[in-house]
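Working notes, beginning with the structure itself.
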Amino acid sequence: MFGSTWTVARVRGVPLFIGPSLLLLVGLFTFWLGRAFIGRPLFAGAPLAAWLAAAVATLLFVACIFAHEVGHAVTSLDRGVEVRGITLFLLGGVTESYGEPKRASDEVVIVGIGPLISLVLAAVFGLLARVLPDFSAPELVAGYLGWLNAAMAIFNLVPGYPLDGGRLLRAVLWMVTGSRHRATRLAARVGQGFASLLLIGALLSVTGVPVFEPRLLWIAAQVFASLGLWGGLIGFFLLRSSSDAHRSARMREQLGRARVRDLMGTVPPTVPAGLQLSDVVARLQTRPSVLWPVGRPLVGGIKLDDLNGVPREQWPRTTVDAIVEPDVFVADDTPMDEAVDLLVRARDRMLIAVRDGEPVGLLTPSLVADVST
């Protein structure tokens with residue numbers, strides 16, 4: 001989703017990714033805050049100090065966004081949801097997970113912790129602004145950070161999936177309907193509607209908002225238009241994300257009560273674990289893009305591409321079990337709803353279906369897609 005990113009840190013094993021667009025966010029926020037600061041009497045005749053204070057405030061706000069997302073990530077891990085990573089980019093932060101919570105109550109806790117952290121930070125910076133010397137740079141920075149964190153918490157609680165508010169709406173619908181996938185579809189539709197309003201607001205910010213009745217609707221149009229092109233960018237991101245979520249939920253509903261054995265394809269013959277790479281290459285070339293089971297008992301899987309990681313001159317001295325991928329198995333009676341999550345995490349997006357320790361089939365995304373279309 002985010003293209004190239006840089007890994008800058010890890011929290012409980014979860015990588016923190018930074019997208020190049022974060023630099024644009026830092027630049028825009030510094031410019032916006034700098035313009036606001038430079039007109040204060042505090043910085044009269046000292047524009048450099050105003051820009052420095054704006055840069056410090058921006059970096060602290062990025063740290064607050066990070067804290068918000070770390071809350072989601074840590075709470076997810078505590079409730080058995082594996083986290084792929086945290087990404088900071090132009091529109092803020094996103095925590096990406098493998099799979100979903102097993103219970104709606106877990107979803108409430110995982111989602112709710114982010115806005116709660118933002119509200120706590122808003123209160124902390126608000127208190128700091130009260131105790132710091134009046135009309136000082138630290139007081140000004142603390143005051144702005146208090147309002148920014150409060151605004152972030154409130155905006156995230158808007159029921160636009162996949163914002164935190166949209167996910168809380170899904171949790172409530174999950175409790176009411178008893179179906180996670182139906183709740184996701186309904187929440188995603190609400191998210192698409194909210195995203196459309198943001199896009200319309202971005203258009204109105206350019207063309208102007210005409211006067212019309214009822215007045216309450218006109219005021220709402222003014223609010224959305226005030227978000228400008230920034231709201232349009234957020235709307236585009238939400239529309240894409242909510243549409244993807246709706247499509248994924250519909251696919252999983254269509255899979256219904258199917259199990260791996262109902263969808264799996266044929267699996268190649270098992271490759272002996274002690275076979276040398278020079279002796280196995282011709283066999284793998286018959287089905288080069290497929291994952292082959294290795295060993296009796298099974299020790300993993302191998303593809304033709306895996307041989308590229310070993311210099312050709314070492315092939316006669318290297319056995320298959322030395323380069324095998326171990327975590328590639330799924331029981332053939334596993335529900336497809338669970339198997340899809342495993343398939344997403346699999347390195348080659350393929351899993352070998354097993355029954356009583358023997359390979360009986362191969363599960364690939366194309367087989368799942370054929371059923372869901």
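These figures come from a predicted structure and were not determined experimentally.
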Are L90 and L229 grouped together when hydrophobic residues (ILVMFWY) are joined by side-chain heavy atoms under 4.5 angstrom apart? no
Within one Ile-Leu-Val-Met-Phe-Trp-Tyr cluster: W51 and V62, side-chain cutoff 4.5 Å: no
Pair T95, E69: side-chain N/O donor-acceptor within cut-off below 3.5 Å: yes
So among W6, F17, F237, which one has a ring pair (Phe, Tyr, Trp, His ring centres under 6.0 Å) with F89? F237
For S76, the option from I110, V111, V14 that meets side-chain contact (heavy atoms from CB on, under 4.5 Å): I110
Would you mind telling me which of V354, L363, L351 makes a side-chain contact (heavy atoms from CB on, under 4.5 Å) with V260? L363
Atom pair CD1 (I200) and OG (S205), whose distance is rounded to the nearest 0.5 Å: 12.0 Å
Is there a path of hydrophobic side-chain contacts, each under 4.5 Å between heavy atoms, that joins V70 and L88? yes
Could you check whether D164 and H72, counting side-chain N and O atoms only, form a donor-acceptor pair closer than 3.5 Å? yes
Is the closest side-chain donor-acceptor distance between R317 and Q314 under 3.5 Å? no
Going through the distances and angles, do V360 and R261 end up as a side-chain contact (heavy atoms from CB on, under 4.5 Å)? CA-CA 8 Å; V360 294; R261 59 173 170 262; over 6 Å; no
Less than 6.0 angstrom separating the ring centers of Y144 and W147, yes or no? no
Out of curiosity, does F194 fall in the hydrophobic cluster containing L239 (side-chain heavy atoms, cut-off under 4.5 Å, transitive links)? no
Apply side-chain contact (heavy atoms from CB on, under 4.5 Å) to the pair F155 and I234, showing each step before the final yes or no. CA-CA 11 Å; F155 183 78; I234 296 175; 3.9 Å; yes
For D337, is there an ion pair with R252 - N to carboxylate O distance below 4.0 angstrom? yes
State, without any angle test, whether S366 and T364 hold a side-chain donor-acceptor pair at a distance under 3.5 Å. yes
For the pair D306 and K303, find out whether any cationic side-chain nitrogen is under 4.0 Å from an anionic carboxylate oxygen. no
Check step by step if side-chain contact (heavy atoms from CB on, under 4.5 Å) holds for M152 and L121. CA-CA 11 Å; M152 181 166 64; L121 288 172; over 6 Å; no
Residue F236 excluded, over 12 heavy atoms near CZ under 6.0 Å: no
Heavy-atom closest contact (G71 atom, I117 atom, distance): CA-CD1, 3.6 Å
Check R180, R182, R185, H181 against E253 for a side chain to side chain donor-acceptor pair (under 3.5 Å) and give me the one that passes. R185
Do F329 and V290 belong to the same hydrophobic cluster, where Ile, Leu, Val, Met, Phe, Trp and Tyr are linked whenever their side-chain heavy atoms lie under 4.5 Å apart, directly or via other members? yes
Of L198, L204, L233, which is the lone residue that meets side-chain contact (heavy atoms from CB on, under 4.5 Å) with L227? L198
Would you sort out whether V56 and L60 count as a side-chain contact (heavy atoms from CB on, under 4.5 Å), showing the intermediate values? CA-CA 6 Å; V56 170; L60 287 173; 4.0 Å; yes
